[in-house]
There are 2 protein chains.
Amino acid sequence: MKQETNPNYHHFLKHISLDCVVFGFHENQLKVLLLRMKKNQEWALPGGFVLENESMEIAASRVLKERTGLDHIFLNQFHVFSDPERSNINPAVPDFLEFDITFQDADWFNQRFISVGFYALVEFSLVQPQPDVLSDICEWISLSEISALMMDHRQILDKALETLRLQLVFQPVGYNLLPDKFTMPELQKLYETILGKELDRRNFQRKILAYNIISKLDEVRQGVPHKAPTLYRFNPENYQKALKEGLGGKW
Amino acid sequence: MKQETNPNYHHFLKHISLDCVVFGFHENQLKVLLLRMKKNQEWALPGGFVLENESMEIAASRVLKERTGLDHIFLNQFHVFSDPERSNINPAVPDFLEFDITFQDADWFNQRFISVGFYALVEFSLVQPQPDVLSDICEWISLSEISALMMDHRQILDKALETLRLQLVFQPVGYNLLPDKFTMPELQKLYETILGKELDRRNFQRKILAYNIISKLDEVRQGVPHKAPTLYRFNPENYQKALKEGLGGKW
DNA sequence: TAAGTATTGTGTTTAATTGACACAATGATA
DNA sequence: TATCATTGTGTCAATTAAACACAATACTTA
């Protein structure tokens with residue numbers, strides 16, 4: 001039965017969708033969770049719709065729970081994408097009938113959607129990528145290896161990255177992207193990757209330590225070439241405080 | 001005929017609305033454009049709905065054109081308000097039948113709306129406030145004099161102000177809020193009002209001038225008590241450049 | 001097993017920015 | 001003509017950021 005594999009779209013609010021840019025960090029690379037669509041092999045951001053009694057935030061959490069298996073993901077809305085032509089930006093018009101989608105579902109997908117963009121920061125290793133009904137693959141792709149995306153999803157991704165860069169200036173980042181214990185070079189690489197530029201190792205360390213959001217541990221990373229770097233851990237109280245109050249914003 | 005005074009709501013996208021926080025600056029006070037609803041005398045932000053072939057931004061411009069008479073207003077979306085209970089936050093349930101709204105229109109207003117918040121910065125003296133069909137008054141209210149607002153509009157206003165404060169740190173503000181020519185104390189007062197704190201006159205001047213976004217004129221303000229202050233004007237090229245590239249954001 | 005090497009840990013020195021403050025110049029008012 | 005609030009133009013000290021140097025560590029390899 002189709003009804004068991006596909007959602008009942010008439011429970012969702014019309015015209016409204018959401019798309020998520022899920023960032024992870026692995027092997028010194030910033031990665032994004034993408035789906036490959038069955039229809040035309042195009043890559044797309046994970047997205048979804050809003051139930052009648054859900055907020056956008058709850059809807060986004062639900063979608064991400066389905067795609068990653070994770071609860072309580074760090075999530076921020078960053079922009080609304082509402083160009084009436086946004087679904088026509090990349091030419092391929094989906095022919096949903098080729099797959100297990102009913103005629104009525106095709107009507108649902110052919111309406112105009114105003115999409116709220118969310119970005120999420122997650123710990124790479126905790127995610128178990130799951131495709132949705134429209135996709136055959138769900139996996140992490142390195143930022144540098146992403147080429148074309150479905151519809152306006154490339155714009156959505158670029159805007160998410162831009163937002164993340166601005167956030168970095170006055171909010172701490174990393175608690176949600178790194179494992180519990182991490183080294184200073186790893187944290188620095190994360191910052192460099194998000195900002196897209198190199199930072200001075202010694203000045204970086206001084207600045208990060210001054211924020212008081214991480215604590216040095218009595219442990220070093222084992223089994224690495226050359227000198228073993230010390231492990232650090234985020235200080236949850238100070239991190240949360242910094243999230244709320246910001247980091248040095250002037251004026 | 002009702003059809004001539006009221007919009008045809010079935011041309012709008014369901015479930016989607018927008019609300020605008022219009023900021024103006026007058027007599028050294030930050031002001032917000034508000035409407036008083038006919039129904040219950042509650043004050044509300046100017047808002048509206050989205051036509052089938054409009055982007056959110058175009059819809060917001062259209063709404064603001066109707067409320068202010070102005071085109072090309074500086075507009076930024078800042079947040080989506082989607083709590084399913086947002087229309088029930090202030091108790092008063094509107095009884096639209098008392099006014100010139102048809103039964104069908106009441107259905108329209110009773111649906112759940114997800115609202116995109118925009119803030120606008122406009123030059124106070126250019127605005128000609130116009131009420132809409134649901135309101136009897138449209139006027140500027142000083143930020144300090146605003147008490148309760150309809151539904152979740154107070155939250156929307158607070159979030160807009162918070163966003164504006166953050167913007168101020170890495171983007172210039174003022175071009176859209178001040179008249180063509182202005183004095184340094186006027187610009188400073190604007191910054192102080194937005195930030196909600198006092199700034200040192202001399203340090204403020206040094207910092208603003210360093211941004212190279214304003215030019216000193218060979219003119220002073222006439223007819224003021226005490227020493228006449230020099231007039232300045234924004235430098236459009238450098239201002240636009242600063243808007244795009246940001247002001248000192250560190251890292 | 002000892003020298004080589006890449007990487008980490010911990011600085012210093014210099015320049016730029018910010019914060020706190022002082023005083024003369026102006027021009028209406030008394 | 002003296003007064004006074006306000007503007008214009010600084011200075012100085014403290015803080016912050018940028019550039020740079022060198023020793024310590026631990027794996028590599030000869």
Side-chain angles (χ1 to χ4, degrees), chain A residues 27-28 165 168-172 174 178 181-193 195-233 242 245-251, chain B residues 27-28 165 168-172 174 178 181-193 195-233 242 245-251:
Chain A
E27 290 175 344
N28 281 344
R165 269 182 200 153
L168 203 59
V169 178
F170 54 91
Q171 277 195 351
L178 293 172
K181 298 173 182 178
F182 54 89
T183 68
M184 193 59 79
E186 283 162 6
L187 182 59
Q188 182 181 339
K189 205 75 196 165
L190 170 61
Y191 270 71
E192 290 180 334
T193 307
L195 291 169
K197 68 175 176 186
E198 301 200 335
L199 302 170
D200 182 277
R201 187 172 61 89
R202 296 149 289 188
N203 294 337
F204 175 82
Q205 168 149 331
R206 181 154 34 90
K207 191 155 181 171
I208 282 287
L209 288 176
Y211 290 150
N212 272 323
I213 56 174
I214 62 176
S215 313
K216 189 172 184 170
L217 303 178
D218 268 343
E219 243 181 298
V220 293
R221 170 127 302 163
Q222 306 286 352
V224 288
H226 313 298
K227 181 169 182 180
T230 309
L231 288 169
Y232 290 82
R233 174 184 280 152
E245 300 171 10
L247 298 173
K250 297 302 145 50
W251 289 103
Chain B
E27 289 174 345
N28 281 343
R165 270 181 198 155
L168 204 59
V169 178
F170 54 90
Q171 276 193 350
L178 292 172
K181 298 172 182 180
F182 55 89
T183 68
M184 194 59 79
E186 283 163 7
L187 182 60
Q188 183 181 339
K189 205 74 195 167
L190 171 61
Y191 270 72
E192 289 180 335
T193 308
L195 291 169
K197 67 175 177 188
E198 300 198 336
L199 302 171
D200 183 276
R201 185 173 60 89
R202 297 150 287 188
N203 294 338
F204 174 81
Q205 169 150 329
R206 179 155 38 101
K207 192 154 180 169
I208 282 287
L209 289 177
Y211 290 151
N212 272 322
I213 56 173
I214 62 176
S215 313
K216 190 172 184 169
L217 302 178
D218 268 342
E219 246 181 298
V220 294
R221 171 126 300 165
Q222 306 285 351
V224 289
H226 313 298
K227 182 170 180 177
T230 309
L231 288 169
Y232 290 82
R233 174 184 280 152
E245 300 172 9
L247 298 171
K250 298 302 144 50
W251 289 102

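Quick note on labels: first sequence line is chain A, next is B, and so on, each numbered from 1.
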Measure across [X] and [Y] and return the closest heavy-atom pair with its distance rounded to 0.1 Å.
X: A/L190; Y: A/G174; answer: CD2-CA, 3.8 Å
X: B/L195; Y: B/L168; answer: CG-CD2, 3.4 Å
X: A/Q188; Y: A/R201; answer: OE1-CA, 3.4 Å
X: B/Y211; Y: B/L247; answer: CE1-CD1, 3.7 Å

Hey, does B/K207 have a side-chain heavy atom less than 4.5 Å from the side chain of B/D200?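 No, every pair of side-chain atoms sits at 4.5 Å or beyond.
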[X] has an atom [atom1]; how far is it from atom [atom2] of [N], in whole Å?
X: A/L199; N: D/dA17; atom1: CG; atom2: P; answer: 13 Å
X: A/F204; N: C/dG9; atom1: CZ; atom2: P; answer: 13 Å
X: B/Q188; N: D/dT6; atom1: CD; atom2: C1'; answer: 12 Å
X: A/K189; N: C/dT7; atom1: NZ; atom2: P; answer: 11 Å
X: B/L209; N: C/dT18; atom1: CG; atom2: P; answer: 14 Å
X: A/L231; N: C/dT8; atom1: CG; atom2: P; answer: 12 Å
X: B/L187; N: D/dT7; atom1: CG; atom2: C1'; answer: 15 Å
X: B/L247; N: C/dT18; atom1: CG; atom2: C1'; answer: 16 Å

5' to 3', nucleotides 19-30 of chain D under a 4.0 Å protein heavy-atom cut-off (B base, S sugar-phosphate only, - none) gives BBB--BBSS---
Tell me, please, which residues at least two apart from B/R221 pass salt bridge (charged side-chain N to carboxylate O under 4.0 Å, His left out).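 B/R221 satisfies salt bridge (charged side-chain N to carboxylate O under 4.0 Å, His left out) with B/E186 once adjacent residues are dropped.
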If you compare every side-chain N and O of B/K216 against the phosphate oxygens of D/dT7 (OP1, OP2), does one of them come in below 4.0 Å?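 For D/dT7, neither OP1 nor OP2 has a side-chain N or O of B/K216 closer than 4.0 Å.
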OP1, OP2 of D/dT15 versus side-chain N and O of A/K207: anything below 4.0 Å?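 The answer is no; no side-chain N or O of A/K207 sits under 4.0 Å from OP1 or OP2.
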Identify whether any heavy atom of A/T230 sits under 4.0 Å from a base atom; if not, whether one sits that close to sugar-phosphate; answer base, sugar-phosphate or nothing.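 Sugar-phosphate contact only - A/T230 comes under 4.0 Å of backbone atoms but never of a base.
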Got a sec, which residues hit ring-ring contact (aromatic ring centres under 6.0 Å, His included) with B/F182, two or more places apart in sequence or on another chain?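 B/F182 satisfies ring-ring contact (aromatic ring centres under 6.0 Å, His included) with B/F234 once adjacent residues are dropped.
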